[in-house]
Chemist: 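Structure provided below as structure tokens; questions to follow.
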Protein chains: 2
Amino acid sequence: MYDTITVSRQLKAAGVHPTAQRIAIYHYLLSQAKHPTVEDIKAWVDQNFPKMSLATVYNTLRTFVEAKLVKELKLPHSSKTVYDTNVRNHHHFFDEDSGELIDLDPAVVTLDPALKRKYLITHIHVLLRGTQRRKYDDHA
Amino acid sequence: MYDTITVSRQLKAAGVHPTAQRIAIYHYLLSQAKHPTVEDIKAWVDQNFPKMSLATVYNTLRTFVEAKLVKELKLPHSSKTVYDTNVRNHHHFFDEDSGELIDLDPAVVTLDPALKRKYLITHIHVLLRGTQRRKYDDHA
DNA sequence: ATTAGTGCAAAGGATTTGCATAAAG
DNA sequence: CTTTATGCAAATCCTTTGCACTAAT
């Protein structure tokens, strides 16, 4: 699915020159990472790439964000930026038990249509927090 | 409206010992500040209080947050935390022209009721971004 | 050759901490 | 006196930057 050649082509298609470092990181993002922080990415890189500097990880991610290959998420529960390969419009649920971040369909949120009389809205940022219900949890 | 004695009482009522520094900052927050950063608060303090350290500003704000006198907002458009004396549940609109942050009624956002089958939601964080319409802007 | 990318270490901004002094009950 | 708050500077965390080196066209 995500072999080096495919990843390389995807980078090129986005206008990003496919270096070994970028291929490695993008491959990791696409195939294994969920919502990784720079720290997560660096840890993976340290295990799976001969030698890559932290600056290159940051540079690479900036390049990916500019090329719209990934989205950068700055969420209030953490000081660390997380990266998301889901570049479609969507929202997030933060599971307070597991620390996991779950993608939500944008359709789960509806805005009062009266808002657009006052505002020209360009971005909608929604983060829900809470816990996931277990199978037989009681819920009204 | 917000004289020293009143502010002092409000602090006490929230279980916060009213020191001169705390009274000064809380007074500023209630009477003049909109959505100030620590930098804003420190700038005001430097003009209006004999001598207060930056650490005291941070300490004071932490105390206020713990006492639920203010809310701490970490928004993705800025690296700086902003403080909000509106402690009721509400959302925000960030005006990209002016940099202004505007409070929104929580009722402007509706969540798909199906969400609560899967999740037990404890917090809803919504930030809209865009611009404010001028009086005679055309809008569909 | 010229441009683009990388690595390293140093710098940066925002916040926190440790600890000694000062104030308050 | 004993606790709590303050001030200062140093430390911390995450991220960015400057610059020399390398690789690729």
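Order of the sequence lines fixes the chain letters, A, B, ..., with proteins taken first and strands second; residue numbering starts at 1 for each chain.
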Chemist: Rounding to a whole Å, what distance do you find between Glu66(A):CD and dG5(C):C1'?
Modeler: 14 Å
Chemist: I need the CD1-P distance between Ile25(B) and dA5(D), as an integer number of Å.
Modeler: 14 Å
Chemist: Compare side-chain N and O positions of Lys51(B) against OP1 and OP2 of dT6(D) and report whether any pair is under 4.0 Å apart.
Modeler: no
Chemist: Ignoring backbone atoms, establish whether Gln21(A) has a side-chain N or O less than 4.0 Å from OP1 or OP2 of dG7(C).
Modeler: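 True: Gln21(A) side-chain N/O within range (under 4.0 Å) of dG7(C) OP1/OP2.
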Chemist: Is there side-chain contact between Val126(A) and Leu128(A), with at least one heavy-atom pair below 4.5 Å?
Modeler: yes
Chemist: Please compare Thr60(A) and His17(B) by the position of their nearest nucleotide in DNA chain C and report the one closer to 5'.
Modeler: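 On the 5' side of the pair lies Thr60(A).
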Chemist: Shortest non-hydrogen contact from His91(A) to Asp105(A)?
Modeler: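 Looking at all heavy atoms of both residues, the shortest contact is CD2-O, 4.1 Å.
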Chemist: Rounded to whole angstroms, how far apart are CG on Asp46(A) and P on dC8(C)?
Modeler: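 The distance from CG of Asp46(A) to P of dC8(C) comes to 11 Å, rounded to the nearest Å.
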Chemist: Once you round it to whole Å, what is the distance between P of dG13(C) and NZ of Lys42(B)?
Modeler: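 Atom NZ in Lys42(B) sits about 16 Å away from atom P in dG13(C).
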Chemist: Assess, by modelled atom type and distance only, whether the side chains of Thr122(B) and Glu96(A) contain a donor and an acceptor separated by less than 3.5 Å.
Modeler: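 Indeed, the side chains of Thr122(B) and Glu96(A) share at least one donor-acceptor pair under 3.5 Å.
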Chemist: Find the distance Leu75(A):CG to dC14(D):C1' and express it as a whole number of Å.
Modeler: 15 Å
Chemist: Are Ser53(A) and Thr56(A) linked by a side-chain donor-acceptor pair shorter than 3.5 Å?
Modeler: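 Indeed, the side chains of Ser53(A) and Thr56(A) share at least one donor-acceptor pair under 3.5 Å.
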Chemist: To the nearest Å, give me how far apart CE (Met52(A)) and C1' (dA23(D)) are.
Modeler: 15 Å
Chemist: Go through dG5(C), dT6(D), dT6(C) for me and flag the one nearest to the Thr56(A) side chain.
Modeler: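 For the Thr56(A) side chain, the nearest candidate turns out to be dT6(C).
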Chemist: Between the protein and nucleotides 15-19 of chain D, are there any N/O to N/O pairs under 3.5 Å, and if so, what are the atom names and distances?
Modeler:
unit_1	atom_1	unit_2	atom_2	d
dT15(D)	OP1	Thr81(A)	N	3.0
dT15(D)	OP1	Thr81(A)	OG1	2.8
dT15(D)	OP2	Tyr58(A)	OH	2.8
dT15(D)	O5'	Tyr58(A)	OH	3.4

Chemist: dG5(C) C1' sits how many Å from Phe64(A) CZ, rounded?
Modeler: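 Whole-Å distance recorded here is 13 Å.
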Chemist: May I ask you to verify if any side-chain N or O of Thr19(B) is less than 4.0 angstrom from the OP1 or OP2 atom of dT6(D)?
Modeler: yes
Chemist: Can you tell me if His27(A) uses its side chain to pair, donor with acceptor, with the backbone of Ile25(A) under 3.5 Å?
Modeler: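 No.
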Chemist: Within this structure, what is the CD1-to-C1' distance between Ile23(A) and dA24(D), rounded to whole angstrom?
Modeler: 13 Å
Chemist: Parallel, tilted or perpendicular: which fits the ring planes of His77(B) and Phe94(B), with parallel below 30° and perpendicular above 60°?
Modeler: parallel
Chemist: Group every Ile, Leu, Val, Met, Phe, Trp and Tyr by side-chain heavy-atom contacts under 4.5 Å, then state whether Leu54(B) and Ile41(B) land in the same group.
Modeler: yes
